[in-house]
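A short write-up of the structure that comes next.
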Amino acid sequence: MAKYILIESRDPFESNEVPHQYELAASLAREGNTVTLFLVQNGVMPARRSSRSDALARLAKGGVEVLADELSLRERGIGGDRLVAGVAVATIDVVIDQLADGRKAIWH
Amino acid sequence: MEKKKFTLVLMDAPFENARTVSGLRLVDAALRKGHDVTVFAYEGAAALTFARQTPHANAVHGRDAAQEDHPLPREWVAALFAAARAGGQTLDWINCGLCVDERGVGEFIEGARRGSPADLWKAAEASDNTLVLGAK
């Protein structure tokens, strides 16, 4: 099976396309692929427990590795203790490592 | 880690979007990890290396240009070139010539070069991976 990194830069309150990207990650994982969803810029906003963060928790339970960019979190004042379960903090270096690993990459 | 080649495609004009900063952070991360990077800058991103970007003062807050220390994308890119040289990596920054001409931003900082959409294809073909930071 294939490996993917989907990079989400938008907040679901900002763009109605974001849930479609989440569903893409979920469906790829359901098909047995290795999937990372890397949240960056305003994409980290739903990582803070809120009315829109359940979607990320479901992705994590469904086998998607959900990572939130440390700098983006810090810019927005989101501490590690405020993150929804299943979301881990990571640096942007992860994106490079996964590109080096040959993952198919999509930026949204 | 084995050295890889990446192509990064940028579209956003300077000062307009956080994607520019994220794109440059990715270039920085790749160089720090010892990889070579080709950046294909088109549409508004063709102006990121425009040599005539100039800082300004802030009259409202009473700061002169030096005090205001206005950040300029051309300086960020110049710093990436310096980092690549220091680390022995290659940073190839290609501005799409069509986009450069449309915008009149043909004066580049040292290191950036003019190219064409064909260079994007060539770079992607020669790379281990390619990432496009779309503007929409």
Side-chain angles (χ1 to χ4, degrees), chain A residues 2-21 24-25 28 33-47 67-78 89-108, chain B residues 1-13 15-45 71 76 79-80 83-84 87 89-92 120 123-136:
Chain A
K3 296 181 183 179
Y4 295 87
I5 175 167
L6 307 184
I7 303 163
E8 181 54 67
S9 68
R10 299 179 196 227
D11 179 357
F13 283 107
E14 166 194 352
S15 168
N16 286 334
E17 295 173 1
V18 171
H20 296 307
Q21 295 299 110
L24 175 61
L28 288 170
N33 299 293
T34 300
V35 183
T36 294
L37 177 69
F38 187 87
L39 308 173
V40 71
Q41 297 172 201
N42 282 343
V44 304
M45 297 300 283
L67 302 175
D69 174 47
E70 181 273 334
L71 187 142
S72 300
L73 289 169
R74 190 153 35 95
E75 281 181 327
R76 291 154 183 79
I78 301 173
V89 180
T91 68
I92 207 162
D93 290 19
V94 165
V95 176
I96 298 302
D97 290 340
Q98 295 198 359
L99 289 176
D101 190 37
R103 291 206 185 197
K104 302 174 195 292
I106 299 176
W107 173 285
H108 180 252
Chain B
M1 180 178 273
E2 179 190 345
K3 179 181 249 194
K4 300 285 186 177
K5 283 185 178 180
F6 298 123
T7 294
L8 206 66
V9 186
L10 304 180
M11 296 175 65
D12 287 288
F15 309 108
E16 292 294 322
N17 198 289
R19 274 186 298 266
T20 299
V21 173
S22 294
L24 297 182
R25 287 177 66 207
L26 286 167
V27 174
D28 174 68
L31 294 175
R32 275 189 288 103
K33 287 181 162 285
H35 303 301
D36 293 335
V37 182
T38 296
V39 172
F40 187 81
Y42 74 119
E43 299 290 343
W76 301 338
L80 290 172
Q89 283 78 48
T90 300
L91 172 59
D92 188 11
L120 169 54
E125 279 279 295
S127 290
D128 295 292
N129 218 329
T130 296
L131 181 65
V132 179
L133 274 64
K136 176 67 179 80

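Note on naming: letters A, B, ... go to the chains in the order of the sequence lines (proteins, then strands), and numbering restarts at 1 for each one. In this text the structure is predicted, and so the values were computed from the model without any measurement.
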For this session: Pick whichever of B:L131, B:D128, B:L133 has the most heavy-atom pairs under 4.5 Å with chain A.
Result: B:L133
For this session: Keeping the roles fixed (side chain from A:N33, backbone from A:V35), state whether a donor-acceptor pair exists under 3.5 Å.
Result: no
Seminar exercise, completed: With chain A, the option among B:K33, B:K5, B:E2, B:K4 that has the most non-hydrogen atom pairs under 4.5 Å is B:K33
Problem set entry | A:R103 side chain to B:N129 side chain, donor-acceptor N/O pair below 3.5 angstrom | no
Exercise. To the nearest 0.5 Å, what is the distance between CG (B:L10) and OH (B:Y42)?
Worked result: 10.0 Å
Exercise. With a 4.5 angstrom heavy-atom cut-off, which part of B:R19 approaches chain A: side chain, backbone, both or neither?
Worked result: both
Exercise. What part of A:D69 lies closer than 4.5 angstrom to a heavy atom of chain B: side chain, backbone, both or neither?
Worked result: side chain
For this session: With a 4.5 angstrom heavy-atom cut-off, could you sort out which part of A:I5 is near chain B: side chain, backbone, both or neither?
Result: neither
Problem set entry | Under 3.5 Å: donor-acceptor pair, side chain of A:T36, backbone of A:F38 | no
Exercise. Residues two or more places apart in sequence or in another chain: which of them pass side-chain hydrogen bond (donor to acceptor under 3.5 Å, both in side chains) with B:T7?
Worked result: B:S127
